[in-house]
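Here is the structure we will look at.
Below, read A as the first sequence line, B as the second, and so on, with proteins coming before strands; counting in each chain starts at 1.
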Amino acid sequence: MSMVAPEIITASNLRITSKARALGYGITLVLFGLFEVLAFGRTSTALHTTIQFAYDSAMVVPELSSLVGVVVLIVGLGLVALGVGPRFAPERFGGWARWSKLQLFIGGVGVLLMLWPISLWMGVNQDGQLRDWTVDVAYFCITLGVVSIAAGAVLIWRRFDRAAPILLYCGIVVFILAFLVWAARYAVAPAPPLTLTGVLWGMMLFSTFLILGAVSGTIGERSGVVNIAIEGQFIAGAMVGFMVADVMHNTGVGQIVALVTAAISGAVFATILSVMANRYRANQIIVGVLLVSFATAIAQFIQGQVLTTDAVYQNTPVLPVWALPVVSRIPVIGPVLFDQNCFVYLTIALVVLWHFLLFKTRWGLRVRSVGEKPVASETVGVSVFGARYQAVILAGLVAGLGGAAFTVAAGNQFTWELTSGYGYVALAIMILGRWRPYGAMAAALMFGFTDSLSGALGVFSQQIVIPDAFISALPYMVTIVVVSGLVGKIRPPAADGVPFVRR
Amino acid sequence: MKLELRGITKRFGDLVANNNINLVVEPGQIHCLLGENGAGKSTLMNVLYGLLTPDSGEILINDEPITISDPKDAVAHGIGMVHQHFMLIPVFTAAENVILGSEPVRPWPLLDHRAAKKTVGELSERYGFDVDADAVIEDLPIGAQQRVEILKALSHEAEILVLDEPTAVLTPQETDALIEVLQELKAQGKSIIFISHKLREVLALADVITVIRLGEVVGSTTPAQATTTSLASMMVGRDVNLVVDKAPAKPGEVVLKVDDLFVEDDRGLTTVKGVSLEVRAGEVLAIAGVQGNGQTELIEALTGMRRATSGRVAVGGVDTTKRSVRGILDAGVGHVPEDRQEHGLIPSFSIADNLVLDQIDDPKFAGRFGRKLKAIRENGEHLRTQFDVRSPSVDTPVGSLSGGNQQKVVMARELSRDLKVLICAQPTRGLDVGSIEFMHRQIIENRDRGVAVVVVSSELDEVIALGDRVAVMYDGVIQGIVDPSTSREEFGMMMAGARSEEEMA
């Protein structure tokens, strides 16, 4: 029998790779900057873009009197000091220095409090809504480009290995912003504005099923079971949720019941998969593909025989939008995060919950151990099959709920094509998110953003050289590049998809 | 705690892996189980650990009979196992590995990481281990991983510790450190069962030695009464020649020349960093070193299985650096690969077919349209007799042979061509003593016939026995090329990264 060669990762090896990475990121930033200056910046100076921050017309930043504003400003400043202080003078803050996440949160709240009066004094409110911002396209893009080039140059020169990824992400966001401003350029007023907040709002709702699907895949694969049937669970969840909601006349209780049954229908599929994968050690890919075909066939049958003929099923359920007090009034962030379909809140809560379950609890440690090296788990008395059954079935609940996002949450009539392959996209997102719930959320938001964006850019389609379908296709290209291992190291759980055989 | 195994018998089909084995381990005793690969040591320990159910026999702890049906029972009875292939999750930290299965939770269901680290810290201190609770296992050297594994067993309050071939993957220094740890555990009253086939360690460590052969206990002895020779003959069942008979080498001209070779591994890390070697006709250059220091990549580069990033390899004056495997074989290189199952043989093919794998396009075996089955068969019969491959016929699938016979097939095939260079990687890993003797004799015979031989081995004994010169490899660099008569301590130092004195002078 061969022995596994020990992996020796020396500090010097790591150092070299991260230095090389910083160089690569720096060059990328410079290229971004050059593109922004040379391509976007060449626009005629007469062209302007109007960026609309208000999502609905009633949205304003709550007014403050000057006196209260000063108080708020001072309180905010204090919180920022409290958040930042322990970093610079840990000895004065004693035990505080350990709570770095809490610090970050306090500092963030402080910044927001400070922004409140400042933005009011700068006049963000106008005529009962947030003021639009009109910028000169050429100058705006050139400014962003120069900043990007400067950041890239510093990175090439000093090779900061820690700051490199953060700078790159900022660079990407800046690039997208420049592109948007350039794409929405208009010579004559009244121009259709660039609905920035609207795009981000749509991104959140559009991402929900991708997030849930990817989290579901993550849970399963962390335990060592590949679930390629997420598409099937989507179909089942979407259909069951839709039917239950309509049968119960779309009342509030009815919708809750609809979500629960949708989740359960996903779990039923997961149960079949887990029995096949654990009890019968079947090839998990093939079982998964068959389950999708099975779900599709059932959906086609029910759609043809029941949904189109029965009048009960002609209503479309839709979940309510909840605006959270105060925070929903924060410009841009507020409507995107806190004035949302309640399904978005549910999704975010589930992501946090699953991160917690997988990485902070005993159950999670065992599930992950089973996905990495089940033999080792078994020798310390962890039940491999138990952990896998639990993980896969719970993951099925999440995927089924993801299916409900298509119908119950978004307000669509169920058709069997509704999921259109997003279950498979969710698997790609899972890989892109490196088998972590937060990673899955971030990756799913990228897909959601481009999809939402390509819709919003339809107005400007004549002046964008590239078709908007190309923008929708972008995340898939990113996925191919990332999954192929060109960017960073992606490592799946070691026992992913390998049936466990007891000795 | 006293452990007794009484009349343990375990059969796999017709094969009797353990036959009526009796064993008594007293408290505070280091009991060595000695036997060849396949003698049934691991089977016995898996029975003890509840991974296998015996067909008959009983297990007693402190003279009370107990039943062990799964590892959980074993752990509950205070039996801890350190497996040969560590049962650690590579991506978890040391602390996470130690607590897995009996995690402290406070408040439920939160993992109590602080308590876990405290446990690891206290145990490390009590037994004098040096283990960083936050280190991720796969970043640790093998010796440290093993300490985590031992710690894990101790954290379950093991009173009897079973170590299965624990030194197979260690440097001599790490082995010494392990022996110290075990002595410390013994002093604290733990019983230890130490499974090995390495005579030297067993003699250094044991209180009692029990020898197992073909599933039966052959006898028990103590280090005071035994010698390496007596143990070896007990183990094999006949007199064994532990020393390789060989005349002094008569080196001819340089046949294999390696110049400043750099090679990357699968992950893109440079693991061979500027190796230069010369091997002459009629000599054996042995390459020693702990596994994972670039030997595998070096051999792969020499044999064309991996492309070197820079440097030059020449066989008999011909540059083979960029040649394919085929081209290198044609240049007169024979290769006995490290992993015979993966790279040396096709397990489902017959012996005869495996013996011509490299010559399948030779007119001797290839006709105009098909293979010359008769020639292949005759060739198979001939080599099977010559190399004493024990099998029903040449049509037997190679995969069903024992390790020793498989290795003979590989060796027979490689030697059936005209060789200038023979490269053997771990030629005797996992083989029984008889096969080891046979392999060593083949290697020396070929040396005497004027072949330049390179032997890579992580067994220091083998390196010293075979090599006319010994190169020690550490972290991708040849630390020095020395005479095999160099002291073991010196070798140990070089294998752990020290430069040889000759080199520094």
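Counting heavy atoms from C-beta outward, B/W108 and A/T361 have side chains that stay 4.5 Å or more apart. Under the 4.5 Å side-chain criterion, counting only non-hydrogen atoms from C-beta, B/M87 is not in contact with A/V380.
Taken to the nearest 0.5 Å, the CG atom of B/L100 stands 10.0 Å off from the CZ atom of A/R368. The NZ atom of A/K373 sits 9.0 Å away from atom CZ of B/F86, with the distance rounded to the nearest 0.5 Å. With values rounded to the nearest 0.5 angstrom, B/I89 atom CD1 is found 12.0 Å from A/R366 atom CZ. For the atom pair A/S369 OG and B/N97 CG, the distance stands at 9.0 Å (nearest 0.5 Å). To the nearest 0.5 Å, the span separating CG on B/L110 from CZ on A/F356 amounts to 4.0 Å.
Among A/L357, A/L365, A/V382, the residue with the largest count of heavy-atom pairs under 4.5 Å with chain B is A/L365. Contact count versus chain A (heavy atoms, under 4.5 Å) is highest, among B/H156, B/E103, B/Q426, for B/E103. In terms of heavy-atom pairs under 4.5 angstrom with chain A, the leader among B/D112, B/D265, B/V75, B/L111 is B/L111. The most heavy-atom pairs under 4.5 Å with chain A, out of B/I99, B/D73, B/D70, B/V105, come from B/V105.
In the displayed structure, B/F12 atom CZ is contacted under 6.0 Å by more than 12 heavy atoms of other residues, nucleotides or ligands.
Neither the backbone nor the side chain of B/P104 comes within contact range of chain A; no heavy atoms are under 4.5 Å apart. B/T271 does not touch chain A: none of its heavy atoms, backbone or side chain, sits under 4.5 Å away.
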Inset, instruction - Step by step, work out the side-chain contact (heavy atoms from CB on, under 4.5 Å) result for A/T379 and B/M81. - result: CA-CA 9 Å; A/T379 55; B/M81 184 96 156; over 6 Å; no
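A salt bridge does not link B/K72 with A/E378: every distance from a Lys NZ or Arg NE/NH1/NH2 to an Asp or Glu carboxylate oxygen is 4.0 Å or more.
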